[in-house]
Amino acid sequence: MSTTICQVMGLFVSALGFAGCIVATALDTWSTQDLYDNPVTSVFQYQGLWRSCVSQSSGLTECRPYFTILGLPAMFQAVRALMIVGIVLGAFGLLVAIFSLKCLRIGNMEDSAKANMTLTAGILSIVAGICAICGVSVFANMLVTNFWMSTAGMYQSGMMSLQVRYTFGSALFVGWVAGGLAFIGGIMMCIALPNYDSSSDYVGKWQLCLPPCICDEGGARAKLY
């Protein structure tokens with residue numbers, strides 16, 4: 001019973017992390033304009049992995065996709081790749097985890113096979129969570145670096161110049177939480193592995209301990225001593 005509960009909880013937590021990774025990847029608020037010391041408040045800019053948007057105080061919002069791939073920074077493309085890999089691995093992990101549930105019977109699948117599938121699903125979910133956390137962290141590091149470089153440029157030569165600075169958006173926090181949930185869900189599925197009772201192994205050991213026997217002409221089993 002504890003194995004089933006641990007498996008189901010791990011599957012549920014991993015599913016939440018998987019959904020969070022999809023939401024974080026699709027959001028446009030990976031970086032938002034820093035309004036501190038900014039006299040222009042009628043225009044608000046924010047950017048995502050796939051497009052940049054400009055929102056005006058009148059309520060009009062205009063978004064423009066990135067029409068280039070080679071023109072984007074290498075680290076930016078690496079973040080895209082990490083998030084996509086995390087989503088793909090999370091999808092495969094959830095699919096394997098569903099078929100490896102101990103409470104679900106599929107044909108004559110043995111518990112040992114389900115145990116291996118549970119371990120595989122847990123590892124996939126853990127790697128997916130790590131990919132999401134790494135992708136978000138790399139993007140956050142880029143933001144911090146660009147923020148302080150822009151700040152230094154604003155006050156260069158003792159004169160303050162107006163520059164657009166970007167800070168953390170809500171998508172970063174969604175990505176961190178989603179990656180953590182996927183990681184925890186994978187660990188829970190791996191923890192459920194030692195609790196499997198492989199009845200087929202016990203049957204095999206029991207049969208090996210039987211004394212040798214032969215069958216007589218009538219088909220009855222007779223022990224050999």
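This one's a predicted model, so the numbers in the text were calculated from it and none came from an experiment. Any value given below was found using the heavy atoms of this structure, including those in side chains, with hydrogens, waters and symmetry copies removed.
For L11, the side-chain contact (heavy atoms from CB on, under 4.5 Å) partners are L94, A97, I98, L101, not counting sequence neighbours. Residues passing the side-chain contact (heavy atoms from CB on, under 4.5 Å) test with L95, sequence neighbours excluded: F99. Listed by chain and number, the residues in a side-chain hydrogen bond (donor to acceptor under 3.5 Å, both in side chains) with S170 are T29 (sequence neighbours excluded). For L49, the side-chain contact (heavy atoms from CB on, under 4.5 Å) partners two or more places apart in sequence, or in a different chain, are T25, W30, F76, V79, R80, M83, F139. In this structure Q77 satisfies the side-chain hydrogen bond (donor to acceptor under 3.5 Å, both in side chains) test with no other residue, sequence neighbours excluded. In this structure, the side-chain contact (heavy atoms from CB on, under 4.5 Å) partners of S52, at least two apart in sequence or on a different chain, are Q47, Y66.
Residue L89 is tested with I130, L124, I126, I84 for a side chain to side chain contact (heavy atoms under 4.5 Å, CB included); the sole match is L124. None of V13, V23, I87 except one satisfies the side chain to side chain contact (heavy atoms under 4.5 Å, CB included) rule with F18; the exception is I87.
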Side-chain donor-acceptor pairs under 3.5 Å in residues 173-186, sequence neighbours left out?
residue, atom, partner, partner atom, Å
W176, NE1, S137, OG, 3.2

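Rounding to the nearest 0.5 Å gives a distance of 6.0 Å between CZ of F168 and CG of L143. Taking CE from M142 and OG from S31, the interatomic distance works out to 9.0 Å, rounded to the nearest 0.5 Å. Q7 contributes atom CD, which lies 10.5 Å from atom CE of M188 (distance to the nearest 0.5 angstrom).
The stretch residues 14-31 participates, sequence neighbours left out, in these salt bridge (charged side-chain N to carboxylate O under 4.0 Å, His left out) pairs: D28-R51. Within the structure, every pair that satisfies the disulfide bond (SG atoms under 2.5 Å apart) test and touches residues 52-86, not counting sequence neighbours, is listed here: C53-C63.
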